[in-house]
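Comments concern the structure below.
No hydrogens, no waters, no symmetry mates; every other heavy atom, side chains included, goes into these values. We name chains A, B, ... by the order of the sequence lines, and we start the count at 1 in each one.
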There are 2 protein chains.
Amino acid sequence: MLKPSTRARYALRAMLELSLHEATRPLLLREIAKAQCISEKYLEQLTVPLRCARLLRGRRGSNGGYELAKPAKEIAAREIVEAVEGRLDLLDCVRMPVVCDRAPACAARGLWGRVSQAITAALSETTLADLREEQRLAEAKAVPSYEI
Amino acid sequence: MLKPSTRARYALRAMLELSLHEATRPLLLREIAKAQCISEKYLEQLTVPLRCARLLRGRRGSNGGYELAKPAKEIAAREIVEAVEGRLDLLDCVRMPVVCDRAPACAARGLWGRVSQAITAALSETTLADLREEQRLAEAKAVPSYEI
DNA sequence: AGCATTCCCTACCTTTCGCATAGGAATAAT
DNA sequence: ATTATTCCTATGCGAAAGGTAGGGAATGCT
Ligand code: FES
Ligand code: FES
């Protein structure tokens, strides 16, 4: 069904949650998981590639937690997805024609390459800051404030 | 890895093969499978949704085989992929926000929606006729003619 | 120093689903 | 009738996704 894995979706949501609290203290894994309805232990595994990619930073001990390694404005959705999923090319032969016997004369390869490009572009266009704004707008709409 | 299934890839290649022989007699399943290195019995299953979507027509009995149900120029890659994979939306909640509890205030949904759109657009832009041309150009390049 | 807290690391289990195979029923030409 | 082909349904297999578990290592607090 060409559906993105939970890895990609959860990682994105987790980072989004962090961006919503960018200014405050580090967020506990527990808090992120709860806020986004993700298994704590599973989410924990996703932090590994995210830290590796220098998108996320963890602090141990009391008052520890996680925080964005860069300003939300500088983190594209693409970076997050690539961090946990690897390259975005739909097929290996898009990057390395050698792995496909048919590569020299395969029109399908070109098409999948163009689709890969389209996906990459769409994910590159949106930053965590954009998502944060969308999120806040949506929340304001969905849960109208009752104050005066 | 967000890789398209063999269903989508095989279906596309099979239809491409058919487009390469559009003018001639119906092509045998066996011939398509062999030309594209696809398991015959597996490819056979893919013909079901393709026929259902009115992209492919089969003729039984001697001198039977398969042929495109429409001119190659009128078949977009998107139709083929959608026929065998279902809707192209990456997530169900993109079309039906109701299935996701978080939908009312979920910025991720918007992003995945835009990615879905990008994929759909890329696949809509290319027709079987385009692919056929690309294929022929690539073949001419890869296997230079030794005549004259 | 000792203790509580939290991230960090590794291994393992479970389920799902993509991929493929198999066998036979229906249909059309010779 | 025989042969050639598509059509239909069921079943098996293996890999990968998704999730669980437990302990180790660093940090800060008292
Ligand atoms: S070359 Fe890899 S799909 Fe055609
Ligand atoms: S609403 Fe479905 S992913 Fe957020």
Open item on the list: One character per nucleotide, please: for nucleotides 24-30 of chain C, 5' to 3', B when the base has a protein heavy atom closer than 4.0 Å, S when only the sugar-phosphate does, - otherwise.
Closed with: B-BBBBS

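- Within a 6.0 Å radius of CD in Glu133(B), no more than 12 heavy atoms belonging to other residues, nucleotides or ligands are found.
- Salt bridge Arg136(B)/Glu139(B): absent, no basic N to carboxylate O contact under 4.0 Å.
- Rounded to whole Å, the distance from OH on Tyr42(B) to P on dT11(D) is 19 Å.
- Counting heavy atoms from C-beta outward, Val81(B) and Leu2(A) have side chains that stay 4.5 Å or more apart.
- The shortest side-chain heavy-atom distance between Glu22(A) and Pro71(A) falls under the 4.5 Å cut-off.
- Of the candidates dT21(C), dG19(D), dC8(D), the closest approach to any side-chain atom of Gln45(B) belongs to dT21(C).
- Per the geometry, CG belonging to Leu18(A) stands 11 Å off P belonging to dC7(C), to the nearest Å.
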TODO: Determine, step by step, whether Arg13(B) and Ile38(B) satisfy the side-chain contact (heavy atoms from CB on, under 4.5 Å) criterion, reporting the C-alpha distance in whole Å, the side-chain angles of both residues, the deciding distance to 0.1 Å, and the verdict.
DONE: CA-CA 9 Å; Arg13(B) 298 224 309 265; Ile38(B) 302 174; 3.9 Å; yes

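- Applying the 6.0 Å contact sphere to NZ of Lys70(B) captures more than 12 heavy atoms from other residues, nucleotides or ligands.
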Open item on the list: Go through it in stages, so that I can follow the logic: the residues are Lys41(B) and Glu44(B), the test is salt bridge (charged side-chain N to carboxylate O under 4.0 Å, His left out), and I'd like the CA-CA distance, side-chain angles, deciding distance and then a yes or no.
Closed with: CA-CA 5 Å; Lys41(B) 278 300 196 179; Glu44(B) 191 175 3; 3.4 Å; yes

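- Side-chain N/O atoms of Arg59(A) include none lying less than 4.0 angstrom from OP1 or OP2 on dA26(D).
- Note on Arg51(A): a side-chain N or O is less than 4.0 Å away from OP1 or OP2 of dC8(C).
- Dashed line: the shortest gap from a side-chain N or O of Ser39(A) to OP1 or OP2 of dG18(D) is not under 4.0 Å.
- With hydrophobic clusters built from ILVMFWY side chains whose heavy atoms lie under 4.5 angstrom apart, Leu91(A) shares a cluster with Met15(B).
- Rounded to whole angstrom, the span from the CG atom of Leu43(A) across to the C1' atom of dT20(D) amounts to 14 Å.
- Counting to the nearest Å, the P atom of dC7(C) and the CG atom of Leu46(A) are 14 Å from each other.
- Of the residues in residues 84-100 of chain B, none has a non-hydrogen atom less than 4.0 angstrom from any atom of DNA chain C.
- Contact annotation: Tyr66(B) reaches the phosphate of dC7(D) (side-chain N/O to OP1 or OP2, under 4.0 Å).
- Residues Leu88(B) and Ser116(B) form no side-chain contact, since every pair of their non-hydrogen atoms from C-beta on lies 4.5 Å or further apart.
- Taking atom CZ of Arg7(A) as the reference point, atom C1' of dG18(D) lies 10 Å away to the nearest angstrom.
- At the phosphate of dA17(D), neither OP1 nor OP2 sits under 4.0 Å from any side-chain N or O atom of Ser5(A).
- Contacts of Arg7(B) classified as side chain to side chain donor-acceptor pair (under 3.5 Å), with partners at least two apart in sequence or in another chain: none.
- Near DNA chain D, meaning a heavy atom under 4.0 Å from it, residues 19-35 of chain B has Leu28(B), Leu29(B), Arg30(B) in order of number.
- Scanning residues 8-17 of chain A for heavy-atom distances under 4.0 Å to DNA chain C yields an empty list.
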- [ ] For Val84(B) and Leu12(B), run side-chain contact (heavy atoms from CB on, under 4.5 Å): C-alpha distance rounded to whole Å, both residues' side-chain angles, the deciding distance at 0.1 Å, then the answer.
- [x] CA-CA 10 Å; Val84(B) 298; Leu12(B) 193 73; over 6 Å; no

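- Between Arg114(B) and Glu125(A) no salt bridge is recorded (no basic side-chain N to carboxylate O distance below 4.0 Å).
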Task: His21(B)/Glu31(B) under side-chain contact (heavy atoms from CB on, under 4.5 Å): CA gap, chis, key distance, verdict - done: CA-CA 11 Å; His21(B) 301 82; Glu31(B) 295 173 310; over 6 Å; no

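- In this structure, Glu40(B) places its CD atom 16 Å from C1' of dC19(C), rounding to the nearest Å.
- Screening residues 50-66 of chain B for side-chain hydrogen bond (donor to acceptor under 3.5 Å, both in side chains) gives Arg59(B)-Glu67(B) as the qualifying pairs, with residues at least two apart or on separate chains.
- Look at CG on Leu50(A): it is 13 Å from P on dC9(C), rounded to the nearest Å.
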